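Read the structure below first, then the notes.
Here, residue 1 is the first one in the sequence, and each next residue gets the next number. Every value quoted in this text rests on a predicted model; they were computed, and no experiment measured them.
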Amino acid sequence: MMHALAKHGVVADLVVGSSVGAINGAYYAGDPSLKGVLGLEAIWRSLKRHDVFPVTWRTLLGFMWRRDFLIPHDGIRKLIEDHLPYRNLQEAQLPLHIVTTDFVSGESVVLSDGPAVEAILASTAIPGAFTPVHYRNLFLADGAISSNTPVRIAVKMGAKRLIVLPAGHACAVASPPVGAVANALHALTLLTARQLMAELEALAPDIEYVVVPPLCPMVGSPYDFSRTGEHIDRAIEATGEWLAQGGLERHGVIPHEAQLHSH
């Protein structure tokens with residue numbers, strides 16, 4: 001989506017990201033150009049599941065022995081430290097706001113300054129898979145819990161016109177994915193799809209928004225990195241077609257691909 005938008009000449013004034021959107025948003029805010037997006041794209045195309053979710057016998061045994069998380073943060077930390085071109089959120093080229101969740105109260109916590117690595121780790125800390133991040137006297141976890149597509153937070157930060165890039169969900173699947181982490185991620189994507197609908201419907205009438213249609217059907221689960229390149233290529237083509245058909249002018253329209261459908 002960002003590839004097609006950047007190629008079309010669209011540049012954001014500010015970025016608000018939550019969960020995996022915190023990773024993508026942080027990289028985009030560091031270089032909001034097609035060149036920057038292509039750099040992020042290259043990283044995603046090269047990733048293997050083990051780079052982000054290194055589940056081993058050691059991690060499984062640790063989980064069985066009452067450890068409160070399954071996967072260490074090491075993979076995502078290395079990914080950020082190796083590639084992000086700045087250290088603190090306020091050093092990004094665009095104003096950047098990372099959404100996390102206070103794991104005790106369930107309230108959204110927005111981080112706009114301070115160490116970028118800790119903010120992104122917190123926003124991507126899926127409960128049960130990763131431990132919450134202890135930061136500024138709070139235990140912070142996945143931003144998706146409280147606000148996966150944080151449109152209301154963007155408005156609070158001054159946005160008047162929103163371009164929403166939903167990650168989508170594994171629609172049109174005949175059966176649940178296999179594995180504990182895969183099932184947890186699938187359930188989270190279903191929850192956040194409903195959350196997006198509610199947040200958009202609650203916006204004030206003077207706020208303009210467009211929603212870029214996510215891919216549907218999705219092939220595989222959010223835990224599956226083997227078809228990342230295929231998904232990127234499909235999304236570039238689909239978003240390009242949407243732009244050519246005047247998608248940016250369709251204010252207030254929620255595409256059917258972003259909605260959950262009954263069977």
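One hydrophobic cluster holds both V37 and M1 under the rule that ILVMFWY side chains link at heavy-atom gaps under 4.5 Å. The same ILVMFWY cluster, assembled from side-chain heavy atoms under 4.5 Å apart, contains both V117 and Y135. If you chain together hydrophobic residues whose side chains sit under 4.5 Å apart, V99 and V133 never meet in one group. Cluster membership check: I236 shares its hydrophobic cluster with V11, using side-chain heavy-atom separations under 4.5 Å among Ile, Leu, Val, Met, Phe, Trp and Tyr. L79 and I232 fall within the same hydrophobic cluster, where Ile, Leu, Val, Met, Phe, Trp and Tyr residues are linked whenever their side-chain heavy atoms come under 4.5 Å apart, directly or through other members.
With no hydrogens or angles considered, no side-chain donor-acceptor pair links S146 and E107 at under 3.5 Å.
Looking only at side-chain heavy atoms (C-beta outward), E199 and S147 come within less than 4.5 Å of each other. The shortest distance between side-chain heavy atoms of I98 and V110 does not fall below 4.5 Å. The shortest side-chain heavy-atom distance between V211 and V253 does not fall under the 4.5 Å cut-off. Put simply, the side chain of L121 reaches to within 4.5 Å of the side chain of I76, judged on heavy atoms. You'll find the side chain of W242 reaches within 4.5 Å of the side chain of L248, heavy atoms only. Side-chain contact between H97 and L111: absent, with no pair of heavy atoms (C-beta onward) separated by less than 4.5 Å. Between L94 and Y28 the shortest side-chain heavy-atom distance falls below 4.5 Å. A 4.5 Å side-chain heavy-atom check between L243 and L5 finds at least one atom pair inside the cut-off.
Every residue was checked against the salt bridge (charged side-chain N to carboxylate O under 4.0 Å, His left out) condition with D102, not counting sequence neighbours, and none meets it. Partners of D13 according to the salt bridge (charged side-chain N to carboxylate O under 4.0 Å, His left out) rule, which considers only residues two or more places apart in sequence or in another chain, do not exist here. Qualifying side-chain contact (heavy atoms from CB on, under 4.5 Å) partners for S33, counting only residues two or more places apart in sequence or in other chains: D31, K35. Residues meeting the salt bridge (charged side-chain N to carboxylate O under 4.0 Å, His left out) test with E81, sequence neighbours left out: R77.
Among pairs with a residue in residues 154-165, those fulfilling salt bridge (Lys or Arg N to Asp or Glu O under 4.0 Å) read R161-E208, at least two apart in sequence or across chains.
Rounding to the nearest 0.5 angstrom, the gap separating the OG atom in S18 from the CD1 atom in I153 is 7.0 Å. Atom OG1 of residue T101 and atom CG of residue L140 lie 8.5 Å apart, to the nearest 0.5 angstrom. We find the CD1-NE2 distance between I207 and H251 to be 12.0 Å, quoted to the nearest 0.5 Å. In this structure, L162 CG and L200 CG are separated by 8.0 Å, a value rounded to the nearest 0.5 Å. To the nearest 0.5 Å, the span separating CE on M2 from OH on Y27 amounts to 11.5 Å. Here CG of D233 is found 12.0 Å from CZ of R227. Values are rounded to the nearest 0.5 Å.
With respect to the salt-bridge test (charged N to carboxylate O, under 4.0 angstrom), the residues R136 and D113 qualify.
Checking side-chain atoms of Q93 against main-chain N and O of A29 turns up no donor-acceptor pair under 3.5 Å. The backbone N or O of R87 sits less than 3.5 Å from a side-chain atom of E91, completing a donor-acceptor pair. With hydrogens and angles disregarded, a donor-acceptor distance shorter than 3.5 Å links the side chain of Y86 to the backbone of A26.
In plain terms, the two heavy atoms of A119 and T100 that are nearest each other are O-CG2, 3.9 Å. Taking both residues in full, the closest heavy atoms of A141 and A125 are given as CB-O, 3.7 Å, listed atom of the first, atom of the second, then distance. A pairwise comparison of heavy atoms in A92 and G30 identifies CB-N, 4.4 Å as the closest pair.
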Report task. Could you go through the side chain to side chain contact (heavy atoms under 4.5 Å, CB included) check for I163 and V10 one step at a time? Result -> CA-CA 10 Å; I163 300 178; V10 176; 3.8 Å; yes
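For the side chain to side chain donor-acceptor pair (under 3.5 Å) with S19, the lone residue among T149, T124, D142 that qualifies is D142.
Ring geometry for W44 versus F225: interplanar angle under 30°, hence parallel rather than tilted (30 to 60°).
Apart from L34 itself, the hydrophobic cluster it occupies contains L38, where clustering links Ile, Leu, Val, Met, Phe, Trp and Tyr at side-chain heavy-atom distances under 4.5 Å.
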